[in-house]
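One structure is given here, and the rest of the page talks about it.
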Amino acid sequence: VIITVPFVHSLTPSQEDQWLEALNNIDPLCRVLPLRDLSALQTQNAKIAIVANPDPNDLKALRALEWVQSLWAGVEKLMPALAGTQIEVARLIDARLAQTMSDAVLTWVLHLYRDGPLYLQQQRDAIWQQWPVARIEDTTVGVLGLGELGSTAAKRLAANGFRVHGWSRSHKQLEAITTHTGEAGLSSVLSMSDILVVLLPATPHTHALLNAQRLSEVKQGASLINFARASVLDHDALTRGLASRAIKHAVLDVFDVEPLPSHHPLWANPNVTILPHISAPTDKSSASACVIKTIMDYQKHGSNPLFVGREQGY
Ligand SMILES: NC(=O)c1ccc[n+]([C@@H]2O[C@H](COP(=O)([O-])OP(=O)(O)OC[C@H]3O[C@@H](n4cnc5c(N)ncnc54)[C@H](OP(=O)(O)O)[C@@H]3O)[C@@H](O)[C@H]2O)c1
């Protein structure tokens, strides 16, 4: 039997076309249609939907809906949209996404480790000045968040010679990585890391986690990379930390308002590298394969995917 899955989103028509093509290229037994193309019966019977920034009102039309499969790894916008419903959420888990993110983490950690921002500034000022190079094995990288993305990135950093410490909610055992949990664990990671990498999800618990108080615990002159979500980091406190040189440099890929408005002071801050939310773009074909496999596993074997915890928010 062929299963028909509605695609509920607020994407542009060309993005919709690209996703439909990728999603319908995986399994002939799984047909993905935009919500508007479903028959009344199909709308009434659909238990699963694939979603990308869905309008909650569109989801209300699907009376039998049990769970939704997100096309994104971050579900912080989806969870409030589904508050008060029984609908479960499966987020995107894609090994390719984790690999792509670990490429970005390794690239920018190496850039910071080898004083990339300093030499770029020196070039602008035509200054020929060599600085000592720290040993890689004496350079500590702290990875906040050891989930799909954080654990892959942490392993990659360790494999490349860095000393890696990680922090997560529950205890983790990862080869070659020293792991920490809890408030005291966070303090330790902040105070010992030369470079901090944020890969925590945006949840009510991580909101402004890295506030002025926490940033004051960061090792003097350390650098920071945020590839997760802007809400985790207080940008005003960061700006003050950068101005006082307590924090050397920040590489930011995520912002409260995206695109970052052209008049925003962060653009002109010499101690900040701005990236346009590019650290781990979704690969439509690999993401589609993961999403359709999850749906077909449920269809064939009744196996539920790992749903987002409502209380945890991720
Ligand atoms: N910039 C980009 O291009 C891009 C692309 C994709 C994703 N992202 C972002 O990256 C985030 C992480 O993705 P992921 O797939 O790695 O998520 P994940 O698998 O859910 O992992 C989240 C990690 O954060 C930890 N964590 C969550 N809440 C915590 C808390 N309150 N205190 C301490 N640790 C906490 C979790 O701890 P446990 O292990 O104990 O559960 C887990 O280790 C996403 O939520 C998304 O926002 C960004």
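For the single chain, residues carry numbers from 1 onward in sequence order. Note that ligands are numbered from 1 as they come in the structure, with each ligand's atoms numbered from 1 the same way.
Sorted by first and then second residue, the ring pair (Phe, Tyr, Trp, His ring centres under 6.0 Å) pairs involving residues 265-300 (not counting sequence neighbours) are Trp67-Tyr298. A salt bridge (charged side-chain N to carboxylate O under 4.0 Å, His left out) check over residues 39-48, counting only residues at least two apart or in different chains, returns nothing.
A salt bridge does not link Lys155 with Glu175: none of the charged nitrogens is closer than 4.0 Å to a carboxylate oxygen.
Environment of CZ in Arg114: sparse, with no more than 12 heavy atoms of neighbouring residues, nucleotides or ligands closer than 6.0 Å.
The contact shell of ligand 1, taken as protein residues with any non-hydrogen atom closer than 4.0 angstrom, comprises Ala73, Gly74, Arg91, Met101, Gly145, Leu146, Gly147, Glu148, Leu149, Gly150, Trp167, Ser168, Arg169, Ser170, Lys172, Leu199, Leu200, Pro201, His205, Thr206, Phe227, Ala228, Arg229, Asp253, Val254, His277, Ser279, Ala280, Tyr314.
Side chains of Ser188 and His165: a donor-acceptor N/O pair is absent below 3.5 angstrom, by distance only.
Grouping Ile, Leu, Val, Met, Phe, Trp and Tyr by side-chain contacts under 4.5 Å, direct or through others, puts Val8 with Leu35, Val51, Leu59, Leu62, Leu65, Val68, Val75, Leu78, Met79, Leu82, Ile87, Val89, Val308.
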